[in-house]
Amino acid sequence: MQQRSGLQVSGGSWLPKGKRSMLVGKSTSIHMHRKAGIPLSENTAAEQSELISFSAVGNAERNPLKPGKYAAKRIFAGEKAQITEIAFDANVELKEHVARTPIIVSVIEGEIEFTVEGRKYPLAVGGCIFVEANVLHAVYAQIPARITVTFLSA
């Protein structure tokens, strides 16, 4: 079994160290993608699929909480979408702003209050909200929280 960057290859798929194959397919000669993720096949760029995250534990390691602040980190950049993860310490607000493209926000840890044009939506783990481009929104975390923001192509 070959190892690379804390991952091991098993049956043609890159996996977290010590994990059995969870990826299925006829993939061979798999390597880490230089931008983000792990290729799941050797298709053309237009057909390429990538594993972006194995678990929430890995998310916390790559984007740790900053005391009294929020920390944003892009975890995927593709032609059709980009994903940014934002980690919030307790009592931290991302003030009202707009995104230039439609977004999907998902809570992956903790709880947040998501405000869209003045309406407040409490969201917990698994909660998800869609916001059109150029719509005012804000995020407040009373307790430490982590979200992903998927920026969709316009």
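Rounding to the nearest 0.5 angstrom, the gap separating the CD atom in Glu96 from the CD atom in Glu117 is 9.0 Å. How far CZ of Phe130 is from CD1 of Ile103: 9.0 Å, rounded to the nearest 0.5 Å. Between the NE2 atom in His97 and the CG atom in Asn134 there is a gap of 11.5 Å [rounded to 0.5 Å]. Remark: Lys120 NZ to Tyr140 OH distance equals 10.0 Å, nearest 0.5 Å. Going from atom OH of Tyr121 over to atom CZ of Phe114 covers 10.0 Å, rounded to the nearest 0.5 Å. One finds the CG atom of Leu94 at 7.0 Å from the CD1 atom of Ile147 (value rounded to the nearest 0.5 Å).
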Take Phe151 and Ile104 through the test side chain to side chain contact (heavy atoms under 4.5 Å, CB included) and record every step on the way to the result. CA-CA 7 Å; Phe151 296 86; Ile104 298 173; over 6 Å; no
Checking side chain to side chain contact (heavy atoms under 4.5 Å, CB included) for the pair Val116/Val135: CA distance, chi angles, key distance, verdict? CA-CA 7 Å; Val116 180; Val135 173; 3.8 Å; yes
Chi angles and distances behind the salt bridge (charged side-chain N to carboxylate O under 4.0 Å, His left out) call for Arg74, Glu85: CA-CA 6 Å; Arg74 181 177 294 157; Glu85 180 185 282; over 6 Å; no
How far apart are the C-alpha atoms of Ile143 and Glu111, what are their side-chain angles, what is the distance that settles it, and do they pass the side chain to side chain contact (heavy atoms under 4.5 Å, CB included) test? CA-CA 7 Å; Ile143 63 172; Glu111 298 174 0; 4.2 Å; yes
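By the rule that hydrophobic residues join a cluster once side-chain heavy atoms approach within less than 4.5 Å of another member, Phe76 and Ile86 end up as members of separate clusters. In the hydrophobic clustering of this structure, Val149 groups with Ile129; members are Ile, Leu, Val, Met, Phe, Trp, Tyr whose side-chain heavy atoms approach within less than 4.5 Å, directly or through other members. Clustering ILVMFWY residues whenever any of their side-chain heavy atoms sit less than 4.5 angstrom apart, transitively, puts Val105 in a cluster other than the one holding Ile108. Hydrophobic cluster membership is shared by Tyr70 and Val107, with clusters built from Ile, Leu, Val, Met, Phe, Trp and Tyr side chains linked at under 4.5 angstrom.
Summarising the geometry of Gln142 relative to Ala90, their closest heavy-atom pair is O-CB, 3.4 Å, with the distance given to 0.1 Å. For the residue pair Ile112 and Ala145, the shortest heavy atom distance occurs at CG2-CB, 3.7 Å. Summarising the geometry of Ala133 relative to Arg100, their closest heavy-atom pair is CB-O, 3.5 Å, with the distance given to 0.1 Å. Taking each heavy atom of Glu93 and Ala138 in turn, the nearest pair found is OE2-CB, 4.5 Å. Taking both residues in full, the closest heavy atoms of Thr84 and Ala72 are given as CG2-CB, 4.0 Å, listed atom of the first, atom of the second, then distance.
Side chain of Asn91 to main chain of Ala141: no donor-acceptor pair is present (N/O by atom type, distance under 3.5 Å, no hydrogens or angles). Between the side chain of Thr148 and the main chain of Ile83, no donor-acceptor pair closer than 3.5 Å is present. Using a distance-only test at 3.5 Å, with no hydrogens or angles considered, no donor-acceptor pair links the side chain of Arg62 to the main chain of Ile75.
Annotation: side chain of Ser153 is in contact with side chain of Lys80 (closest heavy-atom distance under 4.5 Å).
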